[in-house]
Amino acid sequence: MSETPLWFTTSDPHTRAPLAPMLDRSAVTPDPAWVKGQVGRVPFALVAAGQAEDQVPLRWEGRGYSGAALRVHGEVAALIGMGSATLPALFHALPLTRRPALAAVDALQDALAGGLRALDQSAVTRLASVLPPGWYVASLVTTRPAVVVPGGPLDYMTHERERYWPGDRRQGSWPGADVPTAPPALSYRAPGWGAPGVITYADGRQVPGEDAGVSVLLPTQGAESLDARRVAFYREQFRAGERPTAVCLQVIEERDSNSQWEGTPLSNLTLSVNVIVDGHHKVQEAALEGAALTVLTFTALPYTATPRVLKTWIERTQRHLARFDALSSLPE
């Protein structure tokens, strides 16, 4: 497949005329050439979501140094802690009690249920219209989710967090919501990696450390609101070898070290937080069946970065997502 970058933009739903991006606090306009058309088996595209915040159902609250809250129709649905590159990356889900109405998503239900085979410009443009204003890298990634049991081996909060930051009980700073004291009641995790790495200090010293990749999926819809008939429909889809498509808003957090003397030395942690916008029935049934599905992912770009840093960040993100895709594509 061609390495030529793809370029999409949002458009007015009535006139179909392209909308100019309106970027809130964004210091840099990305260059489309920084986004390769494909890395590994994963297709990518640069997407500008340009509608005003009060015109989209999803919006950020905060999204600064201390963390961010994602609101869906005004209700907090997910929390992502940011902060220092040496402190734990945090997240939490506060699923809504009912499925939010997302007209742009509903219009594509048949295509998503059947599974996207490529980054379709019309579908990506329409789905981008529900996102908060900003720049995103869109990708179509294979994901094999597993249910996370709180406190179990797949629970990032009690496994990786305790491994690299033992005893650090700080919960982060969440705009617009109280700090949850318990892990999410329901979340999913896709295959990641753990490999030897190297920590390089400012004075040039190098010591061994671990390189880890963690991919989590956070629901925005409570499990009790899922339709059993819809879950059964996807059970048959997966057993027939189909791969339906879910839609996620993604934030990638990286930690290049852990700033504590205790704990396993960390050279790099890549944490991919995928907030499920659509596809809760698909993700749940894929986890129950041990099956893989495809996820149309919109990775939010950093709000402020120099062009050099942003270009490097995008290239690194594409490599990480291609690696997550390859791991989920391996046979069981």
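Scope of the values below: all heavy atoms of this structure, side chains included, with no hydrogens, waters or symmetry mates. Remember, predicted model here, so these are calculated numbers, not experimental data.
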Exactly one of Val277, Val275, Val76 clears side-chain contact (heavy atoms from CB on, under 4.5 Å) with Thr220, and that residue is Val275
- Query: Does Gln318 use its side chain to pair, donor to acceptor, with the backbone of His320 at less than 3.5 Å?
  - Reply: no
Taken to the nearest 0.5 Å, the spacing of Arg71 CZ from Arg59 CZ works out to 5.5 Å
Side chains of Ser328 and Thr142: do they bring a donor and an acceptor to under 3.5 Å? no
Between the CD atom in Glu315 and the CG atom in Leu310, the distance rounded to the nearest 0.5 Å is 10.0 Å
- prompt: Is any side-chain heavy atom of Leu127 less than 4.5 Å from a side-chain heavy atom of Phe298?
  reply: yes
Next on the checklist: Donor-acceptor check, side chain of Asp211 to backbone of Pro196, threshold 3.5 angstrom: yes or no?
Outcome noted: no
Practice problem: Report yes or no: does Arg144 contribute a side-chain atom to a donor-acceptor pair with the main-chain N or O of Ser329 at less than 3.5 Å? | Solution: no
In short, Leu140 meets Val42 closest at the heavy-atom pair O-CG1, 3.6 Å
Checklist entry - Any donor and acceptor pair, going by atom type alone, linking the side chain of Arg230 with main-chain N or O of His281 inside 3.5 Å? => result no
To the nearest 0.5 Å, atom CZ of Arg243 lies from atom OG1 of Thr143 at 9.5 Å
Hey, is the main chain of Thr264 close enough, under 3.5 Å, to the side chain of Glu210 for a donor-acceptor pair?
-> no
Across all chains, not counting sequence neighbours, the salt bridge (Lys or Arg N to Asp or Glu O under 4.0 Å) partners of Arg205 are Asp203
Minimal heavy-atom distance between Leu327 and Gly192, with the atoms involved, is CD1-O, 3.3 Å
Output for pair (Ile80 CD1, Trp60 CH2), nearest 0.5 Å, gives 4.5 Å
(request) Assess whether side chain to side chain contact (heavy atoms under 4.5 Å, CB included) is satisfied between Gln284 and Tyr188, documenting all intermediate values. (result) CA-CA 9 Å; Gln284 184 187 72; Tyr188 304 91; 3.5 Å; yes
With a 4.0 Å cut-off, would you call Arg117 and Glu242 a salt bridge?
yes
- Verdict with supporting geometry, Leu119 and Leu296, side chain to side chain contact (heavy atoms under 4.5 Å, CB included): CA-CA 8 Å; Leu119 281 182; Leu296 177 55; 3.5 Å; yes
Sorted by chain and number, sequence neighbours left out, salt bridge (Lys or Arg N to Asp or Glu O under 4.0 Å) with Asp278 holds for Arg99, Lys282
* Less than 4.5 Å apart, any side-chain heavy atom of Val137 and any of Thr317? -> no
(Q) Would Leu301 and Trp313 count as a side chain to side chain contact (heavy atoms under 4.5 Å, CB included) here? Give the steps. (A) CA-CA 9 Å; Leu301 298 188; Trp313 189 94; 3.4 Å; yes
Taking every heavy atom of Ser267 against every heavy atom of Val198, the minimum-distance pair comes out as CB-O, 3.4 Å
_Is there a path of hydrophobic side-chain contacts, each under 4.5 Å between heavy atoms of I/L/V/M/F/W/Y residues, joining Leu288 to Leu217?_
no
Across all chains, not counting sequence neighbours, the salt bridge (Lys or Arg N to Asp or Glu O under 4.0 Å) partners of Glu75 are none
With heavy-atom distances below 4.5 Å as the criterion, would you say the side chains of Glu160 and Leu271 are in contact? no
inquiry  = Let's go through Leu102 and Leu58 carefully: what are the C-alpha distance in whole Å and the side-chain angles of both, what is the deciding distance for side chain to side chain contact (heavy atoms under 4.5 Å, CB included) to 0.1 Å, and is it a yes or a no?
reply    = CA-CA 9 Å; Leu102 300 171; Leu58 276 66; 4.0 Å; yes
Note to self: Counting C-beta onward and ignoring hydrogens, is there a side-chain heavy-atom pair between Phe238 and Leu293 closer than 4.5 Å?
What the structure shows: yes
message: Grouping I, L, V, M, F, W and Y whenever their side-chain heavy atoms are under 4.5 Å apart, do Leu226 and Leu218 come out in a common cluster?
response: no
Hydrophobic clusters here meaning ILVMFWY residues chained together by side-chain heavy-atom distances under 4.5 Å, can you tell me if Val148 and Met157 are in one? no
Report task. Report yes if some heavy atom in the side chain of Phe44 is under 4.5 Å from a heavy atom in the side chain of Thr299; otherwise report no. Result -> no
message = Could you check whether any side-chain N or O of Thr125 sits under 3.5 Å from a backbone N or O of Ser122, counting only pairs where one atom can act as donor and the other as acceptor?
response = no
_Applying a strict under-4.5 Å side-chain criterion to I, L, V, M, F, W and Y, I'd like to know whether Val295 and Leu154 cluster together._
no
May I ask you to decide if the ring planes of Trp193 and Phe324 are parallel, tilted or perpendicular, using 30° and 60° as cut-offs? tilted
Notebook entry, point to check: Is any side-chain heavy atom of Leu266 closer than 4.5 Å to a side-chain heavy atom of Trp165?
Noted result: yes
Residues Ala113 and Pro244: closest non-hydrogen pair is O-CB, 3.3 Å
Residues Ala107 and Arg126: closest non-hydrogen pair is CB-NH1, 3.3 Å
Note: Gly222 and Ser225 closest approach over all heavy atoms is O-OG, 2.7 Å
I want to check something: taking the side chain as every heavy atom from C-beta on, are Glu254 and Arg316 in contact at a cut-off of under 4.5 Å? yes
| request: Check the hydrophobic clustering (I, L, V, M, F, W, Y; side-chain heavy atoms under 4.5 Å; chains of links allowed) and say if Val216 and Val149 are grouped together. | output: no
Using a 4.5 Å cut-off on heavy atoms from C-beta on, say whether the side chain of Asp325 contacts that of Arg41. yes
Value for CZ (Arg255) from OG1 (Thr270), rounded to nearest 0.5 Å, stands at 10.5 Å
Pro219 backbone acceptor or donor facing His280 side chain under 3.5 Å
no
Between the CG atom in Leu46 and the CH2 atom in Trp34, the distance rounded to the nearest 0.5 Å is 9.5 Å
